[in-house]
Amino acid sequence: MSDCIFCKIIDGELPSAKVYEDENVYAFMDIGQVTEGHVLLIPKKHYENIYEMDEKTASELFKVAPKIANGIKEAFNPKGMNLVNNNGSFADQSVFHFHLHFLPRFDENDGLKVSWEQHSDDYTPEKLQQLAEKISSAL
Ligand code: 5GP
Ligand code: ZN
């Protein structure tokens with residue numbers, strides 16, 4: 001896609017610090033480095049988000065995820081790692097070419113907060129079953 005910065009990075013029109021590349025995917029250092037070692041993994045085919053991505057591209061991309069995660073783990077020895085993917089601006093997506101963030105975690109003050117409230121009291125097993133059926137019937 002001509003005006004996509006990640007497509008331009010793949011094509012070499014924009015510079016990037018490459019971590020890994022094969023015929024289907026490209027991994028590079030996030031310019032924003034939330035934590036040291038923050039990597040983005042992207043498909044070479046332009047897909048705006050997870051909803052659009054075909055199964056073949058998804059399998060090619062996620063196949064590489066353990067290799068990237070283990071490379072970061074080996075290089076930086078983090079205490080943990082979050083894999084994050086944002087879809088849609090409401091969910092904080094700012095670049096509209098699918099990407100998976102690899103965020104090594106070092107300590108509680110490393111600048112990354114992944115937290116949410118759970119509402120298990122509001123959801124009986126019957127309600128969960130209803131929700132599951134709503135999704136599975138849409139697959
Ligand atoms: P999002 O907010 O869409 O989940 O993440 C987009 C990410 O792309 C951000 O973390 C941002 O720092 C990164 N980013 C945006 N522009 C560039 C760029 O030109 N080069 C690199 N390496 N990363 C970028
Ligand atoms: Zn793109």
Side-chain angles (χ1 to χ4, degrees):
M1 209 198 187
S2 58
D3 61 347
C4 169
I5 53 171
F6 286 179
C7 283
K8 286 184 176 157
I9 284 174
I10 293 162
D11 292 345
E13 282 176 53
L14 286 175
S16 68
K18 181 168 87 174
V19 168
Y20 174 82
E21 179 176 19
D22 64 28
E23 59 176 341
N24 305 305
V25 304
Y26 191 83
F28 58 109
M29 303 311 292
D30 191 300
I31 205 167
Q33 291 295 287
V34 171
T35 58
E36 187 162 288
H38 178 181
V39 168
L40 299 174
L41 175 63
I42 63 178
K44 287 191 170 175
K45 257 191 189 171
H46 179 95
Y47 289 105
E48 185 168 323
N49 52 44
I50 191 72
Y51 311 118
E52 292 187 352
M53 197 184 294
D54 65 62
E55 288 182 7
K56 183 170 174 288
T57 302
S59 67
E60 290 160 354
L61 186 114
F62 285 99
K63 189 177 75 175
V64 172
K67 184 197 291 285
I68 303 298
N70 278 302
I72 297 168
K73 183 167 173 269
E74 182 72 22
F76 298 101
N77 194 27
K79 291 180 180 151
M81 191 176 305
N82 293 108
L83 269 55
V84 176
N85 157 241
N86 301 325
N87 294 283
S89 40
F90 190 79
D92 293 330
Q93 185 176 9
S94 61
V95 176
F96 295 91
H97 179 131
F98 179 94
H99 49 282
L100 188 58
H101 294 261
F102 291 74
L103 293 148
R105 304 303 306 275
F106 299 99
D107 58 62
E108 54 280 2
N109 301 314
D110 62 14
L112 176 59
K113 288 181 184 46
V114 183
S115 66
W116 54 72
E117 287 174 24
Q118 290 196 316
H119 304 283
S120 42
D121 290 350
D122 302 341
Y123 291 89
T124 60
E126 294 74 24
K127 179 69 181 167
L128 292 176
Q129 191 56 42
Q130 275 176 22
L131 297 176
E133 283 167 18
K134 193 169 177 179
I135 299 168
S136 59
S137 64
L139 295 178

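Read the numbers this way: they start at 1 and go in the same order the structure lists the ligands and their atoms.
For the residue pair I9 and P15, the shortest heavy atom distance occurs at CG1-O, 4.1 Å. For the pair N24 and D22, the tightest heavy-atom approach, listed with the atom from each and the gap, is N-OD1, 2.8 Å. Across every non-hydrogen atom of K79 and D107, the tightest pair is NZ-CB, 4.3 Å.
Between F6 and ligand 1, no N or O atom pair is found at a separation short of 3.5 Å. No N or O atom of F28 sits closer than 3.5 Å to an N or O atom of ligand 1. Polar contact with ligand 1: absent for I5 (N/O pair, distance under 3.5 Å). Any N or O atom pair closer than 3.5 Å counts here, and H38 shares no such pair with ligand 1.
When each atom of ligand 1 is checked for a heavy atom of L40 under 4.0 Å away, the hits are 8 (O). Taking a cut-off of under 4.0 Å to the non-hydrogen atoms of S94, the atoms of ligand 1 that pass are 1 (P), 2 (O), 3 (O), 5 (O), 6 (C). Proximity to M29 (heavy-atom distance under 4.0 Å) selects the following atoms of ligand 1: 22 (N). The distance from ligand 1 to the heavy atoms of D92 drops below 4.0 Å at these ligand atoms: 1 (P), 2 (O), 4 (O). The distance from ligand 1 to the heavy atoms of G32 drops below 4.0 Å at these ligand atoms: 12 (O). Those atoms of ligand 1 that come under 4.0 Å of a heavy atom in I9, given as number and element, are 20 (N). Distances below 4.0 Å separate heavy atoms of Q93 from the following atoms of ligand 1: 3 (O).
For H97, the N, O or S atom closest to the Zn ion (ligand 2) goes by the atom name ND1. Among heteroatoms of the N, O or S kind in H46, ND1 lies nearest the Zn ion (ligand 2).
For K45 (side chain) and M53 (main-chain N/O), no donor-acceptor pair under 3.5 Å exists by modelled atom type. N85 places a side-chain N or O within donor-acceptor distance of the main-chain N or O of H99, the cut-off being under 3.5 Å. N49 places a side-chain N or O within donor-acceptor distance of the main-chain N or O of E52, the cut-off being under 3.5 Å. Judged purely by atom type and a 3.5 angstrom limit, H97 has no side-chain atom pairing as donor or acceptor with the backbone of K44.
Taking the six-membered ring where the residue is Trp, F98 and F62 present perpendicular rings, their angle passing 60° and hence far from 30°. Classification of the Y26-F28 ring pair by plane angle, with boundaries at 30° and 60°, yields tilted.
Of the protein's non-hydrogen atoms, D30 OD1, 2.5 Å is the one closest to atom 12 (O) of ligand 1. At the shortest separation from atom 17 (C) of ligand 1 among protein heavy atoms lies I31 CG2, 3.8 Å.
Atom CZ of F76 is surrounded by more than 12 heavy atoms from other residues, nucleotides or ligands within 6.0 Å.
Using a 4.0 Å cutoff on heavy atoms, H99 counts as a contact of ligand 1.
In this structure, SG of C4 and SG of C7 enclose an angle of 120° at the Zn ion (ligand 2), rounded to 10°.
A donor and an acceptor atom, one from each side chain of Q129 and E133, are located under 3.5 Å apart.
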